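Just below is one structure, and these are the notes that go with it.
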Amino acid sequence: MAKYPIFVLSLLALVCALAFAYEPSPLQDFCVADPTSPALVNGRACLDSKLAQADHFFLSGLNKAGNTSNALGSVVTPVTVGQIPGLNTFGIALARLDYAPWGLIPPHSHPRATEILTVLKGSLYVGFVTSNPENRLISKVLKKGDVFVFPVGLVHFQQNVGNGKAISLSALSSQNPGVITVASAVFGSKPPIGDDILAKAFQVDQSAINRFRAQF
Ligand SMILES: *[C@@H]1O[C@H](CO)[C@@H](O)[C@H](O)[C@H]1NC(C)=O
C-alpha cells in the first residue's frame with residue numbers, strides 16, 4: 001500500500017508533537033540544575049553529574065506548617081526545581097498548602113502543569129473554571145483523604161471551609177509549574193495595565209478599577 005508509509009509518518013509526527021507538547025523527556029540519568037551556569041536553555045543547565053550529591057535531590061521540613069498570618073489566610077510551601085535542583089528536567093513537583101480557618105488560595109493557574117491535590121487535614125471547597133465560551137465552574141467540597149485534579153492552565157482555587165486549620169499536598173506535572181494569580185496579574189502588574197483597558201474589560205467605571213488596584 002502506497003499510503004501506508006504516509007500514515008505511519010503522520011502517526012509518528014503526531015506522537016512526536018504530543019511528546020513535545022509538555023516538558024521533554026530527560027536524555028540522561030539526571031540534570032541537577034546548576035545555579036552558576038550562564039547557559040540559557042529551556043529549563044536549567046546541568047551541573048557536571050560527577051558533582052551531584054544526595055542533597056541535590058533532597059529537601060526537609062515539609063512536615064512544618066507554613067505561616068498563614070496574611071490577608072488570604074493561606075501559604076504555599078513549594079517543592080520545585082527552585083528548592084530541589086535535582087528535579088530539573090523531570091516534569092514533576094510538589095507543594096504543601098496550609099490554610100487558616102476560612103483561608104483562601106485565590107483564583108490562579110499553572111501555565112505548565114496539571115495539579116493533583118489531596119487533603120491531609122480539614123475540609124476544602126475547590127474548583128476550576130473551563131475555558132471560553134462555557135466558563136463552567138466545576139467544584140466540590142473535599143474532606144480529609146479526598147483527591148481532586150486541576151487541569152493544566154485552568155483557573156482554580158481552594159478555600160478552607162472549616163473552623164480549624166487545613167492542610168493539602170499537591171503534585172504537579174512540571175518541575176517549574178509557574179503560578180499566575182488572576183487578581184495580581186490583572187490589577188497588580190508593573191507597570192499597570194491602563195485603567196481604560198481594565199474599565200472596558202470589566203465593564204465598570206474607572207473608580208471601580210482604582211479600588212481594586214489600591215489593594216496591590
Ligand atoms: C507569621 O507572619 C506574621 C506576619 O508576617 C509575623 O508577624 C509572625 O511573627 C509570623 N509568625 C511566625 C511564627 O513566624
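Remember, predicted model here, so these are calculated numbers, not experimental data. Atoms within each ligand, like the ligands themselves, are counted from 1 in listed order.
For the side-chain hydrogen bond (donor to acceptor under 3.5 Å, both in side chains) with Tyr99, the lone residue among Ser123, Ser74, Ser168 that qualifies is Ser168.
Checked by atom type, the side-chain pair Ser131/Glu134 shows no donor-acceptor distance below 3.5 Å.
Taking the six-membered ring for Trp and thresholds of 30 and 60 degrees, Tyr125 and Phe157 have ring planes inclined between 30 and 60 degrees apart. Relative ring orientation between Phe57 and Phe30 is described as perpendicular, the plane-to-plane angle rising above 60° on a 0-90° scale split at 30° and 60°.
For atom 14 (O) of ligand 1, the protein comes within 4.0 Å by at least one heavy atom. Per-atom contact check: atom 7 (O) of ligand 1 does not touch the protein, criterion being a heavy-atom distance below 4.0 Å.
Here the protein heavy atom with the shortest distance to atom 11 (N) of ligand 1 is Asn67 ND2, 2.9 Å. Protein heavy atom in closest approach to atom 4 (C) of ligand 1: Ser69 O, 3.7 Å.
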